[in-house]
Structures are given as C-alpha cells and as structure tokens.
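Have a look at the structure below before the remarks.
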Amino acid sequence: MAHKVVTGPESDASLERSAERVPPLPGRLAAELRRVVGADGVITDPGALLVYESDGLTVYRVRPRAVVFPRGTEQVAAVVRLLADAGVPFVPRGAGTGLSGGALALEGSVVLSLARMNRILSIDPVNRRARVEPGVVNARLSRAAAPYGLHYAPDPSSQAACTIGGNVAENAGGPHCLKYGATTNHVTGLTVVLPDGEVLELGGAGERVGYDLIGLFVGSEGTFGVATEIEVKLLPLPEAVETLLAIFDRVEDASRAVSAIIAEGLLPAALEMIDQGTIRAVEASVYAAGLPTDAAAALIVEFDGPRAGLAAEAEQARRICEREGAREVRRATTAAERERLWQGRKKAFGAMGRVAPDLAVQDAVVPRTRLPEILNKVYEIGARYGIRVTNVFHAGDGNLHPNILFDRRDADEVQRVKRASEEIMRACVEAGGSITGEHGVGLDKREYMGLIFGDEELEAMCAVRRVFNPRGLANPGKVLPVRVCREWVGPATHEASAAVPAGAGGAGGA
C-alpha cells in the first residue's frame, strides 16, 4: 500500500491530525519492552509523547508510538530485536537538538532515546582516547578531559546540550571544524547495534584495515543502526589562543575579508560571521557580548596552537580585515573576554527566541569566494517572501546558516518559509555548493538530494543502506528521496502531507 510522506512544512496541521491516528503500541510489545528496560523505561502516554514530536526544527511534528530508554548495549540490542520481530520501525534520538527533522518518528516509529546512556566509560590520556556512551553531552567530555590537558575538538553551537551520539549520526562540526575537522575526523571506534539487533564492533584500538566502515557509519543519520559506544580522539589543549572581533559596516566587506584571510595562507581555528539581525538579537538577550548593534556584520577570527608566532598570525589577520573595510578590530585580552565573545556566537540561535516563536536554520555550503553574492541573494529571497532572515555561520568554510524566523501557527507564513528555503538551497547549489554542511539531510532536505546527485548515485546510496538496514526499520523516510529509495512498506499507521503524490515511491526493492 502506498503512503503519503512528509516532504515540506506546508501542512503542519495535517501532521498534527495524522499523529492522532497513530495506533498505540500493542500492549504485549509494551510489556516486553518494559521487561527489558524497566517500568520507567517506556513512555506510551499521549501527553508525555508530545515532547518527542519534533527535534530542533519545530516546523515538523509527528507523534511517536512510544519512547524507550535503554541503559546499555545489551538493552539496546534486546529492544531492537523485539521491535524487529514485531515489524515496528524505530528512530534513534539523542538530545533532540537536530535541525533537519532527522529524529521524527515517521511511519509509526518508536523513538529509541539514548539519553540515559550517558557514561564516560574511559579516558586514556596516554593514547589520547576516550570511550563514551552516546548520551554523553558534547561539552561534558571536554570538561572531563581538561585535567589531563586534553579536549574533544568538535564543538557544535549546541554543545552544552547535544550529545556525542547525535554528533556521530549527523557528522556534526562547529566553529572550530575549520582547523580540526568534523566528527568523522575524531571517531576511532564504534559499537553498533544493527536494525535486527546484531552487535558489531567497528574499528577501535589498533590500526584500521580493510574498508573504512566507521567513516561510512558516521553521518548515516540513524539509518544504519545505533551507535551504543563511541571511541574518540582527544587533542591537547592549545598552548595559546588569540581571538579577534572585526566590525564591518558592510556584509560584503566582511565576506571579502574571509576569503582574503584564507587566501593569504592563514588557517584560523575558527572564522565566524554574525550579521546585524543576529547581533541585535544577541545584544538584547542575556547572552550580550558587547557587539555594536549598528554594525552590518562582525567576524570572530581565532587562532590557536603554540605560542610562538601566534600573535603574528593574529596581527596579519587584523591588517587584512582593516584593508577589507573593518572599521574596528578588537582583541580579546583575557579568557573572560574570549568566553563572552563565544557565548554571543554560540547562543545566537537561542537569542532568536526573542524575535519569533519558531526558527528554521538552513545549512547550505558555498565556495568562500561566492559568499558576498550568495548572502545578498539570501537577503533578497527573504525580502521577496516577506520573511525575516538573519545569518550567523561558519564563514571560513562557507557553511551558511540562514535563520528564517516565523510563526508556525501562521499557515501562509509557513508556506512562504518553505518556498524561500527551497530557493536558498537552489541558489547555493547553483553557486557550486551543497545542501548541508553539518546539520544532516534528515526529512527536511531529502527531496533536495536530487539537486546534487543523479538517480544512479542515489540508488547506489540506497543499496548501501540496504546492507545495514534491509527491512528499512531504522529511521525510515530520512536522507534519500522516497521516489528513489522507498525502503519501508509496513502497516498504514498515518498519513502526512501530500507534497509527494501517493504512490510516488515504490517498494524500493527491500
């Protein structure tokens, strides 16, 4: 039987109505799950399930059939086996901070929450490794490693809340991925539960041989299975840090400064841009960082590493910014000043809550040299659709984060947000970019995959997914367009919006 699937935010009310029609979990299955994880480890109450209807992208809302909280690899495997035997799909979930609809319980899924698997299992300071459970909060790992003079480099803006398991699923980055790379560059081993309950060990101590299955699994967005233990690299804390704040009266000048800094051979640890709309939201909030609200844009430029020569690199960056039109360049002279600047940057998304009740954060990537052109295009698209768009993003690697502010209770505005988002994506791809840098594809951008891949490439990806997930039980309906990879055909549990005509996807060969 063909199903209608959510592909856009144009029918949020339809999603909410359809969620009411998701049948409850069979009583016997619920009882078996409770036997595995304990009486307090399964949520089926409709009111309690409201919390799990969406991730950080609130425009999509689908209620799960249940939420299960395992406490270790053995429990995850037992839960997954029970669900597989019953033919019930599941979606792994960390802290729910994702921004692509990746943690939505499509097709009547059960949410497999990893929040209670939050132990740091070991820290090996000699070999600079840590082994953690997926529910460990990102920033907590660096705090635990700090007494050994080490830290965990990937630092998403949500690092105070997001989890290592979620970072693995999305291949998360953060401001400092310009120098240190994204999550995939730091994972050395995984314990994985496949969608049939089988437990695999990927990588780990010693040299890797054969195919890089860790690299394949990281960024698979929960569609290959569940990572239950994660081994990561730890890096030495830098000997010194130099942090600059450059203030510009024109966004175009700030954009040119970004390209010029990289073109002159400098490699900052981070190179971030904040526009005027974001500055004003931050400065009106508890996260105020002392940024001038009349500025069109600000750059945070940070260098770290050995003390020798670091100040000279920062001075070179200062001169470049001034040459490109910066009216002022400040240097953080204390750790407190640096921390205040970064708080203003990393809490910017939270500060947007003062401006509008809902926020859609896009995540396209463009060549650095095209930043001035594409930023102007983004603002033009927002103005044309009558919606407010601000920008705060990883400028050093061209990873744009247009923030579209709206109220999802306004159906017409939601429609405009969807159309504007699609135009922004198309503009970035046409400029030689991509549809995501670190937030994943999830549900929100799966239909954009055809902008950068042909059907043969998408079908090859689907074939890889079937190796891990042949029945389509792990996070169905995500990443790949349903017209190419319709892997899950189960009981008709609910309908969602009709953006894709019924029957547009076949059985997918799985």
Side-chain angles (χ1 to χ4, degrees), residues 139 142-143 145-147 149-157 159-160 174-180 235-250 253-258 260-262 264-276 278-348 350-351 392-396:
S142 282
R143 289 197 300 269
L150 302 170
H151 75 296
Y152 180 61
D155 62 336
S157 296
Q159 69 178 141
H176 289 84
C177 71
L178 176 61
K179 178 177 179 179
Y180 292 107
L235 300 181
L237 289 167
E239 181 181 328
V241 180
E242 292 280 349
T243 307
L244 304 176
L245 175 70
I247 306 300
F248 292 84
D249 290 324
R250 286 166 29 97
D253 294 343
S255 300
R256 283 197 301 271
V258 170
I261 287 170
I262 303 298
E264 292 201 15
L266 295 175
L267 179 59
L271 181 48
E272 301 286 294
M273 185 185 293
I274 310 169
D275 74 356
Q276 186 177 79
T278 306
I279 290 171
R280 289 180 174 177
V282 168
E283 292 303 308
S285 75
V286 296
Y287 308 121
L291 306 178
T293 56
D294 65 331
L299 292 182
I300 297 176
V301 190
E302 182 162 282
F303 297 88
D304 67 13
R307 192 176 305 279
L310 205 65
E313 290 187 338
E315 175 61 20
Q316 185 180 352
R318 181 190 66 78
R319 290 195 300 269
I320 292 170
C321 289
E322 290 179 342
R323 186 187 73 209
E324 297 298 333
R327 78 182 193 205
E328 177 186 4
V329 181
R330 305 175 189 172
R331 174 177 172 268
T333 58
T334 66
E337 287 181 5
R338 174 179 178 265
E339 183 177 344
R340 190 182 183 203
L341 283 178
W342 277 113
Q343 176 176 266
R345 161 61 184 92
K346 292 196 171 187
K347 301 298 185 182
V392 52
F393 61 96
H394 311 316

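Nothing fancy with the numbering, it's 1 onward along the sequence. Because only heavy atoms are used, hydrogens play no part in the values below, and waters and symmetry mates are left out as well, while side chains stay in.
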List in chain and number order the residues that pass salt bridge (Lys or Arg N to Asp or Glu O under 4.0 Å) with R340, two or more places apart in sequence or in another chain; answer none if no residue qualifies. none
Please find the pair of heavy atoms, one from T278 and one from A348, that lie closest to each other, and give the distance. CG2-CB, 3.7 Å
Do V392 and R345 come close enough that some side-chain heavy atom pair is under 4.5 Å? yes
Please name the pair of heavy atoms, one in A254 and one in A297, separated by the smallest distance, quoted to 0.1 Å. CB-CB, 4.0 Å
Does anything in residues 312-345 form a ring pair (Phe, Tyr, Trp, His ring centres under 6.0 Å)? List the pairs, not counting sequence neighbours. H176-W342
Contacts of type ring-ring contact (aromatic ring centres under 6.0 Å, His included), residue H151, not counting sequence neighbours: none
Give, for atom CG of L299 and atom CD1 of I320, the distance between the pair rounded to the nearest 0.5 Å. 11.5 Å
Mind checking the CZ-CD spacing from R250 to E324? Nearest 0.5 Å is all I need. 11.0 Å
For residues 280-319, which residue pairs qualify under ring pair (Phe, Tyr, Trp, His ring centres under 6.0 Å), counting only residues two or more places apart or in two chains? none
Could you grab the distance from atom NE2 of H394 to atom CD of E272, nearest 0.5 Å is fine? 5.5 Å
Rounded to the nearest 0.5 angstrom, the CG-CG distance for L271 and L266 is 10.0 Å
Can a salt bridge be assigned to the pair R319 and E264 using a cut-off of 4.0 Å between side-chain N and carboxylate O? no
First locate atom NZ of K346, then atom CD1 of I300, and finally report the distance between them rounded to the nearest 0.5 Å. 10.0 Å
For R327 and D294: C-alpha separation, side-chain torsions, deciding distance, then whether salt bridge (charged side-chain N to carboxylate O under 4.0 Å, His left out) applies. CA-CA 12 Å; R327 78 182 193 205; D294 65 331; 2.8 Å; yes
Main-chain N/O of A269 paired to E302 side chain as donor or acceptor, under 3.5 Å: no
Smallest separation among heavy atoms of L341 and A332, with atom names: CD1-CB, 4.4 Å
So which heavy atom on A298 is nearest to which on I247, and how close? CB-CD1, 4.0 Å
Heavy-atom donor-acceptor pair, E242 side chain to D304 backbone, under 3.5 Å: no
Drop me the distance from R280's CZ to S285's OG, to the nearest 0.5 angstrom. 14.5 Å
More than 12 heavy atoms from other groups under 6.0 Å of CD on E322: yes
Minimal non-hydrogen separation, I262 against P268, with atom names: CD1-CD, 3.9 Å
Compare every heavy atom of I261 with every heavy atom of C321, then report the nearest pair and how far apart it is. SG-CD1, 4.1 Å
Output yes when a side-chain donor or acceptor of Q276 lies under 3.5 Å from a complementary backbone atom of A295, and no otherwise. yes
For R143, enumerate each residue passing the salt bridge (Lys or Arg N to Asp or Glu O under 4.0 Å) test, keeping only those at least two apart in sequence or located in another chain. none
Quick one: side-chain hydrogen bond (donor to acceptor under 3.5 Å, both in side chains) partners of R256, sequence neighbours excluded? D253
Say whether, by atom type as modelled, one donor and one acceptor occur between the side chain of E337 and the main chain of T333 under 3.5 angstrom. yes
